[in-house]
Amino acid sequence: MKRTHSCGALRASDINQSVVLFGWVQNRRDHGELIFIDLRDRDGLTQIVFDPNVNKEAHALAEQMRSEWVIGVQGKVRSRGMQWNKKENKEVSATNPNLATGEIEVVVSDATVFNRSETPPFQISEHVTASEELRLEHRYLDLRRSNLQATLITRSKMNALTREYMVKQGFLELETPYMGKYTPGGARNFLVPSRLNPGKFYALAESPQLYKQLFMVAGFDRYYQIVKCFRDEDLRLDRQPEFTQIDVEMSFVSQDDVFGIIEGLIKKLWGEILKVDVPTPFRRMDFYESMEKYGNDKPDLRFGLEHVVLTDLIKAQGAAAGVPMMEEAVEKGGIVKAMCIPAQYPLSRAESDKLEEYVKGMGAGGLARAKVGETGEWTQSPLAKTINPTLRQAINAKCGAKPGDLLLFQFGREAQVHTIMANLRVHVAKKLKLIPEYGSGGVWNFLWVVNPPLFEFDEETKTWAAAHHAFTRPHDDCVQYLETDPGKVKCWRYDVVLNGFEIGGGSIRLHDPEVQGRVFKALGIGEKEAKEKFGFLLDALKFGAPPHGGIALGMDRLAMLLSNAESLRDVIPFPKTQKGTDLMTCAPGDVDEKQLRDLSVKSTVAPK
RNA sequence: GGGGAGUUAGUUCAGCUGGUUAGAACGUCGGCCUGUCACGCCGAAGGUCAGGGGUUCAAGUCCCCUACUCCUCGCCA
């Protein structure tokens, strides 16, 4: 027997053809005489019928068949249009409109069993939801489910479309090493001990960042790569220790050129995969605006509930404000933020108490609330009695609060207030069903977040640190502040955001050695240290480096959003758990003493 | 490292303020059935209540520890 069709191929136009199908038994419906089996492969389902009047042996074999057996059948394609129904004593339509092949069935004249199957630990079905733990343990079975197959097929399409697009735009696909030199700063690296160089280690690349800049120095002009990256940080819903980037770098370009290329790519991916027309250019938002209104640099713009910063209002009232906790926060250099939940989305006392629990989980002291009354007075709030009425009206006005609205407040350390309010905003939006729990809801709000600061002040070490990396080009009109006021220096860094997910980020690089030296100085990195850490790149920049810049898109996140998946794990064939383990292979695993000796490595963990 | 949720039949879950034999659905196995399509009907088997310790006359249920899974803060330039 040789397979003639896939299980998703046959249509009414194939009726009367003799065909051979191979596949897995999805489902068996035994009527004593007739036996129906849904035969499955990655292309779809086809109903096959065993009739003892057609072939007794095949029918007997079908009585034995069970879920997930791998079989082959030969037979004739027959219409399911009108079939004799004994119960009703007349011909009745038996088509299945839920199936692409529902117009037809294959009457089996010959059948072979290629392999039997044990009863699987969970049913291979879209209807049954086994726990993720069990599914990961038997990932090869989970991957038989059609929705997981669909996401991986979508990924494959993304790869093909990306390559097609990038090649057409004149990009070269160039490879970079995974095993490189450890560079401090940034994400924690996975280390690989070197057997040939005892005591020394490679680091797995957290991104091809430095290499792709060297490609520009070498004159390749336009580089891209679909590449694995490795980061040894804690996992999240949208973070895996190994993940894939669409990595891009270009010479002689401005920020707008990079945006144009990426907008074109996303337009193509969304257009061809989802048949959705994404309008370009994308909206742009200043980093500071994003922090102020949304509390982070990856705002979900599918809904409102914008934050309002009240710090200045409270400062202006001085000692007369009547909100001692907020005043104290402001005095200590912190900020005060509010969020207004409109009256049309009423929250019960129990619900708003739950919100308080939620923010406390993020380290908040509590969640101050105030219900706005008919004349702008506050009720149901500990602030109501003491607050200066002028301040209260000013806050109402600034928040656009109307009678019946609920105001939520956070105050304290700036970074923490932003984080808590950012998470609270999304949390509330989901609760109020302004956005779905996961997935786009059919709304695709792309956004560039631009002009962030080059440096961040590290509260712990009391020093300035690179907000992204030390090779980002500052705005020309900010270079003057490098020495005097580093916090004021904005740079050519950009993130592309979709529905609250950072799907990519990049920058225009710093190719001027003079400014580079000043940036290092601001970071407290001496010449010697810079040479040790980034020597090869700094050397390379001395030999005629073109102005260049680039970006990297998170391929897994794109795939997750494109296929409305709940988690990154659903678009990665073999993902890891939150502790970075693989439940199927049990990686990471033990190695024996000899292997360690060969690598000149000693474990400090006592053997069990 | 911190906070939260969870772990009961092969699977998904229920199991109240501690109380006699731990239930349901799906799956599995057996029987019946020529038009089903998540077929239907009848019957059966199936449990270390995650592991360990404690409180109690009595623990799936209360307490402590450990493991694992998920969400999250920190972290991810």
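Chain A is the first sequence line, chain B the second, and so forth, proteins listed ahead of strands; every chain is numbered from 1.
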Return the polar atom pairs (N/O with N/O) between nucleotides 69-72 of chain B and the protein under 3.5 Å, or none.
residue : atom : partner  : partner atom : Å
B:rU69  : OP1  : A:Thr577 : OG1          : 3.0
B:rU69  : OP1  : A:Thr581 : OG1          : 3.0
B:rU69  : O4'  : A:Glu133 : OE1          : 3.4
B:rC70  : OP1  : A:Gln578 : N            : 3.3
B:rC70  : OP2  : A:Gln578 : N            : 2.8
B:rC70  : O3'  : A:Arg569 : NH2          : 3.1
B:rC71  : OP1  : A:Arg569 : NH1          : 3.3
B:rC71  : OP1  : A:Arg569 : NH2          : 3.0
B:rC71  : OP2  : A:Gln578 : NE2          : 3.4
B:rU72  : OP2  : A:Leu237 : N            : 3.4

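- The residue A:Asp232 sits apart from the nucleic acid: no heavy atom pair falls under 4.0 Å.
- Salt-bridge check for A:Asp570 with A:Arg135: passed, with a basic side-chain N closer than 4.0 Å to an acidic carboxylate O.
- For B:rU36, the OP1/OP2 oxygens have no side-chain nitrogen or oxygen of A:His31 closer than 4.0 Å.
- Atom-to-atom distance recorded for A:Gln410:CD and A:Met339:CE is 10.0 Å, nearest 0.5 angstrom.
- Counting atom types as modelled, A:Glu233 pairs no side-chain N or O with a base atom of B:rG74 as donor and acceptor under 3.5 Å.
- With values rounded to the nearest 0.5 angstrom, A:Asn115 atom CG is found 12.0 Å from A:Ile71 atom CD1.
- No more than 12 heavy atoms of other residues, nucleotides or ligands sit less than 6.0 Å from atom OH of A:Tyr202.
- Base pairing analysis places B:rG43 opposite B:rC29; the two distances defining the Watson-Crick or G-U wobble pair are each below 3.5 Å.
- At the phosphate of B:rC29, OP1 or OP2 sits under 4.0 Å from a side-chain N or O atom of A:Arg66.
- With distances taken from any side-chain atom of A:Arg231 to the nucleotides B:rG35, B:rU12, B:rC76, the minimum falls on B:rC76.
- Using a 4.0 Å heavy-atom cutoff across all strands shown, A:Thr46 reaches no nucleic acid atom at all.
- Of the candidate nucleotides B:rG27, B:rU34, B:rG74, B:rG74 has the atom nearest to the side chain of A:Asp234.
- At the heavy-atom level, A:Glu502 lies nowhere under 4.0 Å from the strands shown.
- Summary of the strand contacts: A:Leu134 and A:Thr119 both lie near RNA chain B, and taking for each the nucleotide with the nearest heavy atom, the more 5' one is attributed to A:Leu134.
- Rounding to the nearest 0.5 angstrom, the gap separating the NZ atom in A:Lys490 from the NZ atom in A:Lys488 is 10.0 Å.
- Between the side chain of A:Tyr494 and the backbone N or O of A:Ser507, at least one donor-acceptor pair lies under 3.5 Å.
- Within the 4.0 angstrom heavy-atom criterion, only backbone atoms of the sugar-phosphate kind lie near A:Asp38; the bases stay farther away.
- Taking atom P in both B:rU72 and B:rA25, one finds a spacing of 36 Å when rounded to whole Å.
- The nucleotide whose nearest atom lies closest to any side-chain atom of A:Thr419 is, among B:rC73, B:rC26, B:rA38, B:rC73.
- Checked against the 6.0 Å centroid threshold, A:His59 and A:Phe50 do not count as a close aromatic pair.
- Among the heavy atoms of the strands lying under 4.0 Å from A:Ala94 is at least one base atom, whether or not backbone atoms are also near.
- For an aromatic pair to be called close, the ring centres must be under 6.0 Å apart, and A:His31 with A:Phe36 satisfies this.
- Taking atom P in both B:rG10 and B:rA45, the straight-line distance is 15 Å, to the nearest Å.
- When the nucleotides B:rC75, B:rU12, B:rC37 are ranked by their closest atom to the side chain of A:Ser131, B:rU12 comes out on top.
- Distance A:Arg80 CZ to B:rU34 P: 19 Å, rounded to the nearest Å.
- Evaluation of atom-type donor-acceptor distances gives a pair under 3.5 Å for the side chain of A:Arg239 against the base of B:rC76.
- Under the Watson-Crick or G-U wobble criterion, with both distances below 3.5 Å, B:rC62 is paired with B:rG54.
- The side chain of A:Ser67 approaches B:rU28 more closely than any other nucleotide in the set B:rU28, B:rG35, B:rG1.
- More than 12 heavy atoms of other residues, nucleotides or ligands shown are found within 6.0 angstrom of NZ on A:Lys430.
- For B:rG27, its base never sits under 3.5 Å from the side chain of A:Arg28 at any donor and acceptor pair.
- B:rU36 has A:Phe36 stacked on its base ring, the centres lying under 5.5 angstrom apart and the planes within 30 degrees of parallel.
- Base pairing of B:rU69 is made with B:rA5, judged by Watson-Crick or G-U wobble geometry with both donor-acceptor distances under 3.5 Å.
- Comparing B:rU34, B:rU28, B:rC33 against the side chain of A:Asp30 picks out B:rC33 as the nearest.
- Taking atom P on both B:rC62 and B:rU7, the two are 11 Å apart, rounded to the nearest angstrom.
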